[in-house]
Amino acid sequence: MSIIRRLSSLTLMFACALLPASAQTTRILFIGNSYTYSNDLPGMLRQVALSLGDTVVTQMVAPGGFTFQGHSSNTATLNAIDQGEWDHVVLQEQSQRPAFPPEQVSQEVLPYANQLVSRIRSTSPCAAPVFMMTWGRENGDQQNCAFYPPLCTYAGMQQRLWESYVLMAMENDAHCAPVGSVWRSYRSAHPEAALYTDGSHPNVLGTFIAATTLYVSIFQRDCTASSFAPVGVSTAAAAEVRATASATVLDSLDTWNIGVNDPVALADHQVIDGLNVLFANNSIGGVQHVWYFGDGATSLDADPLHTYAQAGIYTASLVVEDSCGRRDSLSFDVDLNVGITEGDSPMVRVRVEGTLLVVEHPSMTGTFELLDATGRSLLLTRTAGTATAHWSLPRSAAGMCMWRLRSDAGPAYGGRILLP
């Protein structure tokens with residue numbers, strides 16, 4: 001078992017008692033065009049969310065054919081952004097522009113995407129901008145095929161959309177909702193399926209793909225348990241869309257830049273001596289934190305020193321939260337059985353003094369080995385018949401390592417040690 005694990009639901013319950021609870025209603029602003037208002041994408045997202053117990057409030061600014069450039073100076077768009085307190089703002093560019101050559105996208109799309117994100121963050125600092133990757137046209141963009149061959153086919157157009165939307169998310173520390181990728185997977189699995197009304201705009205099934213992908217991207221949760229299927233979409237098709245969207249998003253969160261602004265819980269610990277353990281909070285982005293030591297005790301200190309009542313293996317946990325209420329957590333083992341064998345066998349202590357590894361043992365003769373976290377041997381040597389042995393730390397020894405001491409008389413000892 002890995003020494004780092006996700007927290008149990010019980011631990012998270014305690015964490016919620018100490019850290020403020022997140023809002024129960026999610027507010028989402030949609031900025032787009034006809035791809036967004038077709039079949040009421042915001043309304044369909046609300047229904048998907050409601051079927052999974054999530055309340056969503058939406059607002060939409062989506063004039064037909066609008067571009068990011070148009071939105072950047074549109075009074076209705078700017079007023080909607082300036083209302084503030086949005087949790088997420090979904091941004092959908094005109095269907096063709098992100099598929100144009102990279103140099104053209106860099107001039108006609110990227111600057112305006114940046115302007116919109118900057119405006120969003122100026123009024124809603126905790127909002128997560130979400131670039132909604134659209135889908136290639138059914139037979140490519142024949143209108144612009146002659147001047148840029150990748151647009152001549154659905155596959156070529158979809159690839160350029162993928163590249164541009166991921167780039168926009170990366171450049172703006174924003175999320176990408178990969179609707180186009182889920183669309184491509186469903187279309188590949190069902191080439192006979194109708195997803196378009198006119199070779200460009202989505203039919204109801206196409207909008208359901210978008211709504212489902214947005215749900216998973218925004219809530220970062222599997223949606224296969226949803227019971228909602230819009231009229232005209234079969235139960236089997238809806239189930240496949242939910243499964244495809246969940247896998248596409250959740251299996252590749254880094255690709256879609258999802259969680260880029262979330263805090264990251266990082267912790268370290270060192271057994272000082274006996275039952276005293278020093279914990280270190282090395283988290284990134286957290287402003288509040290709670291330690292759980294695994295014996296019922298907790299602490300709000302950044303780097304607490306905790307004394308356990310008795311030896312054993314304890315599961316310690318750290319929960320961190322940022323100023324926007326986003327959380328991360330981890331748990332890890334604190335092994336206080338280090339060097340203790342069955343019965344009344346004496347204890348073996350392993351510690352670091354400067355550049356030396358010090359091993360205290362009951363004057364035994366045997367073999368001592370130091371291994372890194374992957375099990376690679378860093379040091380293999382013999383112990384003499386003295387109570388304390390000193391060896392220079394190997395150059396490659398760092399982080400959490402394991403040690404083993406086997407006596408020639410038979411008893412074996414082992415444990416972990418954190419090296420500087």
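- Remark: the backbone N or O of Arg184 is not paired with any side-chain donor or acceptor of Ser188 at under 3.5 angstrom.
- Annotation: the span from Asp301 atom CG to His289 atom NE2 amounts to 6.5 Å, rounded to 0.5 Å.
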- Determine, step by step, whether His201 and Tyr35 satisfy the ring-ring contact (aromatic ring centres under 6.0 Å, His included) criterion, reporting the C-alpha distance in whole Å, the side-chain angles of both residues, the deciding distance to 0.1 Å, and the verdict. CA-CA 6 Å; His201 291 84; Tyr35 273 25; 5.3 Å; yes
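- When atom types are taken as modelled, the side chain of Trp135 and the backbone of Ala210 share no donor-acceptor pair closer than 3.5 angstrom.
- In this structure, OG on Ser299 lies 10.5 Å from CG on Asn281, to the nearest 0.5 angstrom.
- Inter-residue side-chain proximity for Arg137 and Ser95 is flagged as met; some heavy-atom pair is nearer than 4.5 Å.
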- Message: Applying side chain to side chain donor-acceptor pair (under 3.5 Å) to Arg187 and Tyr196, what does each step give before you reach the verdict?
- Response: CA-CA 11 Å; Arg187 174 174 161 150; Tyr196 305 82; 3.1 Å; yes
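- Between Leu52 and Ala225, the closest heavy-atom pair is CD2-C, 3.8 Å.
- A donor-acceptor pair under 3.5 Å links the side-chain atoms of Arg97 to the main chain of Glu108, judged by distance alone.
- Here the CG atom belonging to Leu318 is positioned 13.0 Å from the NE2 atom belonging to His269, to the nearest 0.5 angstrom.
- Under the salt bridge (charged side-chain N to carboxylate O under 4.0 Å, His left out) criterion, Asp322 pairs with Arg326, sequence neighbours left out.
- The environment of CD in Glu85 is sparse: at most 12 heavy-atom neighbours from other residues, nucleotides or ligands sit within 6.0 Å.
- Checked against side-chain contact (heavy atoms from CB on, under 4.5 Å), Gln107 has no partners two or more places apart in sequence or in another chain.
- The stretch residues 26-130 participates, sequence neighbours left out, in these disulfide (SG to SG under 2.5 Å) pairs: Cys126-Cys324.
- With contacts defined as side-chain heavy-atom distances shorter than 4.5 Å, the pair His306/Phe279 qualifies.
- Of the N and O atoms on the side chains of Thr26 and His88, not one donor lies less than 3.5 Å from an acceptor on the other residue.
- Interatomic distance, Gln92 CD to Phe68 CZ, rounded to the nearest 0.5 Å: 7.5 Å.
- Counting non-hydrogen atoms of other residues, nucleotides and ligands closer than 6.0 Å to CG of Asp254 gives a total of 12 or fewer.
- Atom CG of residue Asn282 and atom CD1 of residue Ile284 lie 9.0 Å apart, to the nearest 0.5 angstrom.
- With no hydrogens or angles considered, a side-chain donor-acceptor pair links Gln96 and Gln94 at under 3.5 Å.
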- Message: Run Thr197 and Asn203 through side chain to side chain donor-acceptor pair (under 3.5 Å) and show every step you take.
- Response: CA-CA 5 Å; Thr197 58; Asn203 63 11; over 6 Å; no
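- Rounding to the nearest 0.5 Å gives a distance of 9.0 Å between CZ of Phe368 and OG1 of Thr381.
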